[in-house]
K.L.:
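The structure follows.
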Amino acid sequence: MLVLAGAVTWAVWPDDPDYRTQDARIIVRSGPGGDEPVDLDTRLFLPDGASATDKVPAVLLAHGFGGTKESTYADAEDLAGIGYAVLTWTARGFGRSGGQIHLDDPDYEVRDAQRLVDWLAARPEIRTDAPGDPRVGVVGSSYGGGLALLLAGQDPRIDAAVPMATWNDLAGAFLPESTGQGPVEGVFKKTWAGLFFGNGAGSGLGALGELPTGVAAAGVTAGADPSCGRFAADVCAAYQRIATTGRADQAAVDLLRRSSPAAVLDKIKAPTLLVQGTADTLFPLSEADANARGIAANGTPVRVAWFTGGHDGGDGPQSDRDRVKFLMAQWLDHYVKGTGDTPATSFTWSRITGFNALDRGVVTSGYSDPAYPGLAGTSSEAVTVSGPAQPVANPPSGNPAAISSLPGTGGGLSSFVNGIVTDLPGQHARFTSEPLDRPFDIVGAPTVRIRAASPTGEAVLFVKLYDVDPKGVATLSSGLVAPVRLTGLPADIGQAQPVQVTLPAIVHRVEAGHTLRIAVATADQAFATPNQPAVYTVAVPDDATAVTLPTVTGEPIASPQVIWRYVLVGLLAAIAIGLAVVVLVVRRRRSRHDTSVHPEYADVPLRVDGLRKEYGDFVAVDRVDFEVKRGQVVGLLGPNGAGKTTTLRVLMGLTNPTAGQIHVFGHQLVPGSPVLSRIGALVEGPGFLPHLSGLANLKAYWAATGRPEAEAELDRALEIAGLGASVHRRVKTYSHGMRQRLAIAQAMLGLPDLLVLDEPTDGLDPPQIAEMRRVLKRYATDGRAVLVSSHLLAEVEQTCTHVVVVNKGAIVASGPVDDIVGESPTVQIEVSDATAAAGVLGQLAGVRSVSVEGDSRQLVVDTNGTARSEVVAELVRAGIGVERVVPRRRLEDAFLALVGESSSGSGDR
Amino acid sequence: MTDLQAGAAAGYRAARTLPIRAEWRRQWSRARTRWALGLMVALPLIILIAFQFDNGGDDDNGGGEFGSLIDLATSGGLNFTLFCLYVSATFLLVVAVALFCGDTVASEAQWGSLRYLLAVPVPRARLVAVKLVVALGYSGLALLTLAGTALAVGTARYGWEPLRSTVANEIAPGAGLVRLLAILGYLAVVLLVVAGLAFLLSVSTDAPLGAVGGAVLLWILSSILDQISALGAVRNLLPTHYSTAWLGLLSTPTQFDDVVKGAISAVVYATLFWSLAFWRFTRKDVTS
């Protein structure tokens, strides 16, 4: 209960922001000369308590391509929440900031960020290492990640950097080539490039990365070149040259390399946490690998973490996001805030292990290895693929083309779902392995050697590694392909030399029984390929070659979810202990319960003392005391609602009395007292299972007592019920009287010492009533006793030996029926004039008379010892006609008094 | 320890009253018990016959990666069983469990036989415990009957094939059977919430329909609230939130996390409801 209440409170408790924000437009001067002003739209998050006396460290948080300072709001909140002043801003060329897009150029975007570092240093709330040198880390994803690395390389004031999903060499990322040639020979990644350049740039990276917006194009200023939007002219021109030909010239490569961390890695002294996604066909794992190697070469601490998202996969599942957040906080806390131990430089990664049944997302398992092994893994395995040389056709203008990934859909799973990835017949060659005899955990970049021949001497090919399950369903991990541009090829495949292709780095488990397939295709929708149609021949060396699979045997990272298993075990244990405690307490309380026998009442079947029952304000039974002795048939007589049934309910342990005690054979009676087993009862009508026969009901009832069947005396009970063959009919077909008789029979099962019957003759016809009287009288012999409740005077009079008269919850009269029924000093006289008669009688000494209400001829007279004859004589003497003189009995008196006072009783009880 | 049977009639032992066997027979004698169990046998047969009319039409069943359970239903006995569980877990089994647990005390109260059981006297805690155990027993029997029948007829018709799903590799029949048993176990745990709720209502009312219907209605209400994503983390507290987590047991490696959370949720709710039921029934004035 408490846990639940706590959880509810926690869930609905309003989040109190523990930071404040300040929006500002900051004009910084940058450009090659440092003199070109640009207006930046910024927002500073200051944690509560930050002040000139209580300075806080700062974080520069850069957004992704196409985003604004709003895109990073959630991350800024998180960082502010752990005590950092966070400066977010909209990069130049986007949103409300001025300037043009220079693609993280050192003279523009990077210099802008340096000026923001200056600005932070001047803020009184920001902690500084030296005047003008704030304690600051830089965090960013994608475009922002590139900025983070470039800034760390250009500005020594940066204390730590956390670049995520970003590039090492922008030229290499957009113009990859997997045999090791540079971007000039690269194959143009046209779809991603188009998405970036056009207005549809978008990705699933959400708040951490780019947002799908049209900002880049929407912000076109009047008079600007409509083909370039907010791009700087040199960037725009380079794009147009590359996109037109599908090839990069050296000038364009040089331009892109200005925007690449590759050039400044050797200057980075800030400890760097590199986070890269495995589902990223734009900036694959190899980009982070190059960054890691470059920075580590300086002796700067570097840590690498891979998660199952990226430009194709989004933020990844919650477990990955939590891990990345934790690593980032740990990194910043140590290197920027100066708290916490030195973070390990272990390598962590995760692998998709299934789909979540509840939110339909992916489920991942995390692993770690003490050191980052690079893309070659800590060890490698070889699997042989084989196949003959195969001709493959290059389609004109690269259409139709195979689909390997769907850049920009950000659909998270787009590249996982089977059916989207296609290879076109005639356009690809396949080389397949035997089914694997054991599973392989690939972590890194596999390599394979291929041979190709082309009539033109050149070929652009796409090499892919498929995991094929026994049913033939092929999976291309993350939709990653290795584009190669081969030149100097012979026309005859026999003379072709093998070339080594480095496949994209992946994290993928190939199950035992699956096969590996190397596919070599001629066209891919995501890339620009030669326009001229041609037929190449593709082979592997010796028609069978080894695919090298890098593996890393990592330690599984214990999922924090595991804690719930302990919670479950603890919960079950707690319930078991709680149950045991409750049972013990109940046993103990029961054993302490007074089981002594009241010596005076030990042989008294029933003794009721001062019984009282209240329902709220309503008093159903005020005070009832009576006794039922062996051999007695006691009638509990009273009008409807006098409290008879309530008394019997308490007697049966159905209701708890408010006060008073009941002793049965000297044992105090409480609900469930074992001594109740000596009482047979019919309270408030019969209660049977309607779908069972009368006999089956009696048997079911006796089975519930758990007592031996022989003790039931079933035959005798059936004889009393007198149902004949009807006893085999279902109870629901019974008349009211039949049920009543069956209920009495049930009460008599086992011949209990005390029989308690509530209105037993209800529903019986006169012969049955007479029979019932005989039965009850006979029952009370042999030391047994019977308590009968009734509202009918005659019945009590004829059935009972003793009577207790109750009204309004209190006893009015009690005693042996003979005593009570005996003659009373009152007579009922019918006269011709009651008023005159009352006057005459009033003059007799001691005689009181009461005229019966509503009738001027009836009188009830208390003669007080005066002879009836004298009373009559006196009346006659006075000239009053006496029609009838009826001697009265005490019970009637009592009853009449009740009825006279309240004909409706005191309510339903 | 004093004599707990003080003053009792010969042969009476409080701990022997209302033996489980007697209560089991008491419930078995009811037509609705046999109908409910009969339905559990009939459902797989009806589904099997319905599949015979399959015209190969391409239905879009939805349900994401797990929707393929429907497409794979005829690929083997295990898959057929899984399908039967999939379609009945959200409603049919809930109603069956609510019926067994909600009807048991309330119907005795309605017939008036409850007061005679208490006057036997069956100690109240024992009455509640025996009723609960038998109701849970019938609920479990219903679940097993459904799964057993489905497995038997499914295997007879579609063969003893590996368990297939699109979220994992084929699971060999032996291992698949283990998964199936684990799924049954989890379903049983989740249904404890229904059992708890229905039982609490059962001891609180003398209208059996009210108890059964109330439990089912509240279950449906919780399911509806769970669809409203605006409720955010509060949904995790809903008793139905993890009711489909057993699908995670189909994947390789098995996803236990949500199953464990679901089990915690169900156990907490069931314990809460049963505690309340015991607390209430052992104290209340029986007026029916």
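Numbered from 1 within each chain, the chains take letters A, B, ... in sequence-line order. Predicted model only: the values in this text are computed from it and were never measured.
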K.L.:
Measuring heavy-atom distances to chain B, does Pro686(A) have an atom under 4.5 Å in its side chain, in its backbone, in both, or in neither?
P.N.:
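Pro686(A) touches chain B through backbone heavy atoms alone.
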K.L.:
Among Pro690(A), Pro708(A), Pro752(A), single out the residue with the greatest number of heavy-atom pairs under 4.5 Å to chain B.
P.N.:
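Looking at each option in turn, the highest pair count goes to Pro690(A).
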K.L.:
Which of the residues Val562(A), Val567(A), Leu682(A), Val650(A) is involved in the greatest number of heavy-atom pairs with chain B at under 4.5 angstrom?
P.N.:
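Ranked by heavy-atom pairs under 4.5 Å with chain B, first place is Leu682(A).
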K.L.:
Side chain, backbone, both or neither: which part of Leu692(A) has an atom under 4.5 Å from a heavy atom of chain B?
P.N.:
side chain
K.L.:
Is the backbone N or O of Asn656(A) less than 3.5 Å from a side-chain atom of Asp285(B), with the two atoms forming a donor-acceptor pair by type?
P.N.:
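The answer is yes, because a donor-acceptor pair under 3.5 Å joins these two groups.
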K.L.:
Compare all side-chain heavy atoms of Leu689(A) with those of Ser113(B) and state whether any distance is below 4.5 angstrom.
P.N.:
yes
K.L.:
I'd like to verify something: which residue of Val130(B), Val120(B), Leu18(B) has the highest number of heavy-atom pairs under 4.5 Å with chain A?
P.N.:
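Result: the option with the highest number of such pairs is Val120(B).
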K.L.:
Could you tell me which of Gly687(A), Gly653(A), Ala703(A), Gly706(A) has the largest number of non-hydrogen atom pairs under 4.5 Å with chain B?
P.N.:
Gly687(A)
K.L.:
Give the member of Ala263(B), Pro121(B), Ala119(B) that has the highest number of heavy-atom pairs under 4.5 Å with chain A.
P.N.:
Pro121(B)
K.L.:
For Arg283(B), I'd like to know if atom CZ has over 12 heavy atoms of other residues, nucleotides or ligands within 6.0 Å.
P.N.:
yes
K.L.:
More than 12 foreign heavy atoms under 6.0 Å from CZ of Arg730(A): is that the case here?
P.N.:
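No, because the 6.0 Å sphere around CZ of Arg730(A) holds 12 heavy atoms or fewer from other groups.
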K.L.:
Please report the closest heavy-atom contact between His691(A) and Ser29(B), naming both atoms and the distance.
P.N.:
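Scanning both residues, the minimum pair turns out to be NE2-OG, 3.1 Å.
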K.L.:
Quick check on Arg34(B): does its CZ atom have over 12 non-hydrogen neighbours (other residues, nucleotides or ligands) under 6.0 Å away?
P.N.:
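It does: Arg34(B) CZ has more than 12 such atoms within range.
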K.L.:
Using a 6.0 Å cut-off, check whether atom CG of Leu209(B) has over 12 heavy atoms from anything other than its own residue.
P.N.:
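Incorrect, the count does not exceed 12.
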K.L.:
What is the minimum heavy-atom distance between Phe688(A) and Trp111(B), and which atoms define it?
P.N.:
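Smallest interatomic distance, heavy atoms only, reads O-CB, 3.4 Å.
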K.L.:
Starting at CZ of Arg565(A), measure out to CG of Asp257(B) and round the result to the nearest 0.5 Å.
P.N.:
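Interatomic distance, Arg565(A) CZ to Asp257(B) CG, rounded to 0.5 Å: 5.5 Å.
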K.L.:
For the pair Ser677(A) (side chain) and Ala9(B) (backbone), establish whether a donor and an acceptor sit closer than 3.5 Å, ignoring hydrogens and angles.
P.N.:
yes
K.L.:
Just give me the residue among Val267(B), Val122(B), Ile264(B) that pairs up with chain A most often, heavy atom to heavy atom, under 4.5 Å.
P.N.:
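Going by pairs under 4.5 Å, I would pick Ile264(B).
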K.L.:
Nearest 0.5 angstrom please: Lys471(A) NZ to Arg164(B) CZ, how far?
P.N.:
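Answer rounded to 0.5 Å: 4.5 Å.
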K.L.:
Rounded to the nearest 0.5 Å, how far apart are NZ of Lys284(B) and OG1 of Thr655(A)?
P.N.:
11.5 Å
K.L.:
Under a 4.5 Å heavy-atom cut-off, does chain B meet the side chain of Lys613(A), its backbone, both or neither?
P.N.:
side chain
K.L.:
For Phe665(A), is it the side chain, the backbone, both, or neither that has a heavy atom closer than 4.5 Å to a heavy atom of chain B?
P.N.:
neither
K.L.:
In terms of heavy-atom proximity below 4.5 Å to chain A, should Thr271(B) be classed as side chain, backbone, both, or neither?
P.N.:
side chain
K.L.:
Using the rule side chain to side chain contact (heavy atoms under 4.5 Å, CB included), only one of Val268(B), Val260(B), Val259(B) pairs with Leu568(A); which is it?
P.N.:
Val260(B)
K.L.:
Going from OG1 on Thr705(A) to OH on Tyr12(B), what distance comes out if it is rounded to the nearest 0.5 angstrom?
P.N.:
9.0 Å
K.L.:
Tell me which of these, Ala700(A), Ala743(A), Ala681(A), Gly685(A), has more heavy-atom pairs under 4.5 Å with chain B than the rest.
P.N.:
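Option with the top pair count is Gly685(A).
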K.L.:
Within a 6.0 Å radius of atom CH2 on Trp274(B), are there more than 12 heavy atoms belonging to other residues, nucleotides or ligands?
P.N.:
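Buried by this count: over 12 neighbours within 6.0 Å.
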